[in-house]
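Step one of this worksheet: look at the structure below.
Chain naming here is simple, since letters A, B, ... match the order of the sequence lines and numbering starts at 1 in each. What you see below is based on every heavy atom in this structure, not just the backbone, and it leaves out hydrogens, waters and symmetry mates. What you are looking at is a predicted structure, and each value in this text was computed from that prediction instead of being measured.
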2 protein chains.
Amino acid sequence: MENLLKNKNIRVTPFRMDVLRVFNSFENAISLSQIEEKLGSFDRITLYRTLKSFQENGLIHEIVMPGDIKKYAMCEEKCGHKEHNHQHEHIHFHCKKCSEVYCLDIPALPNFHFTNYTIENVEIQVKGICEKCQK
Amino acid sequence: MENLLKNKNIRVTPFRMDVLRVFNSFENAISLSQIEEKLGSFDRITLYRTLKSFQENGLIHEIVMPGDIKKYAMCEEKCGHKEHNHQHEHIHFHCKKCSEVYCLDIPALPNFHFTNYTIENVEIQVKGICEKCQK
DNA sequence: TATAATTATGCAACAATGTTGCAATAAATA
DNA sequence: TATTTATTGCAACATTGTTGCATAATTATA
Ligand SMILES: [Mn+2]
Ligand SMILES: [Mn+2]
Ligand SMILES: [Zn+2]
Ligand SMILES: [Zn+2]
């Protein structure tokens, strides 16, 4: 599992491995407080810097939704290092009942075109009721 | 312009009119700090509560993007009061050069379908270079 | 228009979230 | 193993957001 870090050029440290294990222990996207709960005792600042470094190196991506919802999820293997954009062929589905955020694969991203606007990146967020929460 | 408030069942007060005028003085979506700058002197807590009430009553909507970007923009006339969802037939375009966030009308929302997931609301965020920033 | 009911405001106090600088420490490289 | 380079942990600070409460203003009612 160290290789997950090495492959993205992230130095391997005990704390980073701890954080990585937290991600692997969840199915879906997780919030800062979920990470903190799992970690037990830890340094808050180091955690912020760890998440930032994971993002910058394409190991995780950030998901934000209206209503101060912020979560993190693991990226794909192929996901870009450093300044390259994360390019995910999936949408983010937020369930209103259980509050889980799912990364759902979609066959093809819809193709927008706006005259005179250059499109580099499309993010799609969907709200509704998830599979498990259907009555 | 008072009617913009009355139509959405928002009590008219001098401060709320001030905030409304700030929105009308900008073309695109605006940030909290942009509002604060325009207001001059004001009570921070009242502003938070004003924005919350504007949102709850369908006068403005909140736009969030990865990287701690949070902006506000006016809704359409038709936009839902209270607990009804804001339903906007537009996307949010964030320009990497000038950092403006545009609400851009699109002819039709793409139609997603995920087996066993009930979709209630779709938000689309696009990053790129805007019209005005093209070389 | 005067009165009552309802909601908004302003202030204090607090909570949550995020950033920077720096010395000590640990990881990777040679 | 020695050197280079990046990470950690701590303090201090900045930004963002919330709650309670007394006072003031707005709206509804008579
Ligand atoms: Mn995702
Ligand atoms: Mn909009
Ligand atoms: Zn659910
Ligand atoms: Zn631009």
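If you check dT18(D), dG21(C), dT19(C) against the side chain of Tyr48(A), the one that comes closest is dT19(C). Set against dG9(D), dT16(D), dC11(C), the side chain of Arg49(B) has dC11(C) as its closest nucleotide. Minimum atom distance to the side chain of Ile45(A) is reached by dA11(D), of the listed dG18(C), dA11(D), dT8(D).
Taking the centre of each ring, Tyr102(A) and Tyr117(B) come in below the 6.0 Å mark.
Protein atom CD1 of Ile35(B) is 16 Å distant from nucleotide atom C1' of dT15(D), rounded to whole Å. Asp18(B) has its CG atom 15 Å from the C1' atom of dA25(D), to the nearest Å. Taking atom CG of Leu47(A) as the reference point, atom P of dT19(C) lies 12 Å away to the nearest angstrom. dA14(D) atom C1' lies 11 Å from atom CZ of Arg44(B), rounded to whole Å. A straight line from CD1 of Ile69(A) to P of dA16(C) spans 18 Å, rounded to a whole angstrom. Here dT7(C) presents its P atom at 17 Å from CZ of Phe54(B), a figure rounded to the nearest Å. The CD atom of Glu36(A) sits 10 Å away from the C1' atom of dA16(C) (whole-angstrom rounding). Atom-to-atom, CZ of Phe15(B) to C1' of dA24(D) comes out at 15 Å; the value is rounded to the nearest Å.
With respect to His92(B), the side chain to side chain donor-acceptor pair (under 3.5 Å) criterion is satisfied by exactly one of His61(B), Lys71(B), Lys127(B), Gln125(B): His61(B).
One finds the CZ atom of Phe23(B) at 7.5 Å from the CE atom of Met74(B) (value rounded to the nearest 0.5 Å). Annotation: the span from Leu4(A) atom CG to Cys75(A) atom SG amounts to 11.0 Å, rounded to 0.5 Å.
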Grab the N/O contacts between the protein and nucleotides 25-29 of chain C below 3.5 Å, and write none if there aren't any.
residue: dA27(C); atom: O3'; partner: Val12(A); partner atom: O; Å: 3.4
residue: dA28(C); atom: OP1; partner: Val12(A); partner atom: N; Å: 3.3

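The residue among Asp68(A) and Arg16(A) whose nearest nucleotide of DNA chain D is located toward the 5' end is Arg16(A).
For dG18(C), the OP1/OP2 oxygens have a side-chain nitrogen or oxygen of Lys70(A) closer than 4.0 Å.
Between Lys70(B) and Asp68(A) there is a salt bridge, since a side-chain N of the basic residue sits under 4.0 Å from a carboxylate O of the acidic one. A salt bridge is absent between Lys52(A) and Glu56(A); no separation between the charged side-chain nitrogens and carboxylate oxygens falls under 4.0 Å.
The side chain to side chain contact (heavy atoms under 4.5 Å, CB included) search around Glu27(A) returns none, not counting sequence neighbours.
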